[in-house]
A.B. asks: 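First the structure, then my questions, so here it is.
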Amino acid sequence: SAGRLATGYASLKLLQALTMSLAAVPISFYGRRFMRPGYAIVAGALALASPLTLYSGFLMTEVLIYPLGAFALLAIARAVETATLRDQVIAFGAIGLTILTRVQSVVLVAVFATAIVVDWLLSRERRTLRPFWPVWSVLVAAGISVAAAPGLFGAYEETLRGHYPLGPAASLIGEHFSYLALSTAVAPVVALALLLIAV
């Protein structure tokens with residue numbers, strides 16, 4: 001709002017590109033726990049090879065949800081790993097920030113619960129699920145709120161009511177899976193190949 005509109009918009013696009021690139025930070029730091037530092041940096045760089053980064057030129061919430069979502073997913077991974085109350089609170093704080101940015105991020109609560117169950121099923125030592133009582137409590141509360149007042153989710157109210165015909169819904173699911181394959185497999189591999197050719 002200070003100065004000319006064109007100048008403000010150009011500055012905002014630069015700020016948005018910077019904001020979106022912050023997704024590489026939590027990925028690189030978390031990756032250092034499992035791989036050498038050089039590979040962790042490559043992992044962070046590959047996160048920036050996603051087609052989602054094209055949104056940085058538009059005034060959209062995707063710009064902010066990308067780094068927040070990366071941080072939330074890594075916070076969930078840490079909470080599942082440690083099962084401490086502190087890490088669960090941090091994960092829920094990160095999830096809360098993503099929900100404030102985009103309402104459909106509420107799905108991260110279900111992702112959190114699913115990650116706990118999958119980790120429990122795959123672990124050699126079947127530890128108790130009791131330390132994750134905050135997750136189960138939030139999941140039950142979220143389920144009750146969706147059933148009682150789907151209007152809480154604004155434009156996504158109709159989605160929660162389930163008024164989609166089967167054919168178009170299946171088509172939409174297929175399109176989303178193809179986009180998932182493009183953004184997580186095809187685009188990063190092509191980006192890596194181009195980087196290697198350039199090197």
Side-chain angles (χ1 to χ4, degrees), residues 19-20 22-31 33-34 43-44 47 50-53 55 60-123 125-164 169-170 172-181 183-184:
T19 301
M20 215 163 186
L22 289 175
V25 175
I27 291 169
S28 295
F29 275 110
Y30 198 78
R33 302 177 63 221
F34 306 107
S50 167
L52 282 173
T53 55
Y55 285 123
M60 299 176 76
T61 54
E62 279 82 351
V63 171
L64 192 55
I65 200 67
Y66 194 55
L68 286 177
F71 176 70
L73 288 170
L74 295 173
I76 288 169
R78 175 77 179 155
V80 170
E81 179 186 353
T82 63
T84 62
L85 184 61
R86 175 182 162 273
D87 287 333
Q88 290 178 66
V89 168
I90 291 170
F92 275 122
I95 291 170
L97 286 174
T98 62
I99 291 171
L100 288 173
T101 306
R102 284 183 73 91
V103 177
Q104 71 258 49
S105 297
V106 74
V107 75
L108 289 174
V109 176
V111 167
F112 197 176
T114 304
I116 293 166
V117 172
V118 168
D119 181 65
W120 180 77
L121 289 172
L122 295 177
S123 65
E125 299 172 9
R126 289 290 170 88
R127 61 183 180 178
T128 179
L129 296 174
R130 194 173 297 132
F132 294 105
W133 65 265
V135 178
W136 313 131
S137 303
V138 169
L139 198 61
V140 168
I144 291 170
S145 67
V146 166
L152 286 171
F153 296 95
Y156 298 100
E157 178 181 359
E158 288 302 314
T159 305
L160 296 172
R161 290 189 188 279
H163 293 299
Y164 284 109
L172 252 157
I173 290 169
E175 288 174 16
H176 279 80
F177 272 117
S178 63
Y179 177 75
L180 186 66
S183 61
T184 61

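Keep in mind it's a predicted model, so treat the numbers as computed, not measured.
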A.B. asks: Rounded to the nearest 0.5 Å, what separation is found between the OG1 atom of Thr84 and the CD1 atom of Ile90?
C.D. replies: 7.5 Å
A.B. asks: Going by the salt bridge (Lys or Arg N to Asp or Glu O under 4.0 Å) test, which pairs reach into residues 105-122, not counting sequence neighbours?
C.D. replies: Asp119-Arg127
A.B. asks: Do any N or O atoms from the side chain of Trp136 and from the backbone of Ala113 form a donor-acceptor pair under 3.5 angstrom?
C.D. replies: no
A.B. asks: Locate the shortest heavy-atom distance separating Leu73 from Val111; write the atom from each residue and the value.
C.D. replies: CD2-CG1, 4.2 Å
A.B. asks: Run His176 and Leu180 through side-chain contact (heavy atoms from CB on, under 4.5 Å) and show every step you take.
C.D. replies: CA-CA 6 Å; His176 279 80; Leu180 186 66; over 6 Å; no
A.B. asks: Classify the ring geometry of Phe112 against Phe92: parallel below 30°, tilted from 30° to 60°, perpendicular beyond 60°.
C.D. replies: tilted
A.B. asks: Mind checking the CD1-CG spacing from Ile116 to Leu129? Nearest 0.5 Å is all I need.
C.D. replies: 7.5 Å
A.B. asks: With side chains defined as the heavy atoms from C-beta onward, is the minimum distance between Gln88 and Arg78 less than 4.5 Å?
C.D. replies: no
A.B. asks: Which atom names give the shortest non-hydrogen contact between Thr19 and Pro67, and what distance separates them?
C.D. replies: O-CG, 3.3 Å
A.B. asks: Would you confirm whether Tyr30, through its side chain, and Val25, through its main-chain N or O, come within 3.5 Å as a donor-acceptor pair?
C.D. replies: no
A.B. asks: Counting distance only, does the side-chain N/O of Ser105 pair as donor-acceptor with the main-chain N or O of Thr101 below 3.5 Å?
C.D. replies: no
A.B. asks: Heavy atoms only: give me the nearest Gly44-Ala24 pair and the separation to one decimal.
C.D. replies: O-CB, 3.4 Å
A.B. asks: Return the OG1 to OH distance between Thr53 and Tyr66, rounded to the nearest 0.5 Å.
C.D. replies: 7.0 Å
A.B. asks: Just do the side-chain contact (heavy atoms from CB on, under 4.5 Å) check on Trp133 and Leu85 with the steps written out, would you?
C.D. replies: CA-CA 9 Å; Trp133 65 265; Leu85 184 61; 4.2 Å; yes
A.B. asks: Answer yes or no: is there a donor N or O on one side and an acceptor on the other, between the side chain of Glu62 and the main chain of Met20, under 3.5 Å?
C.D. replies: no
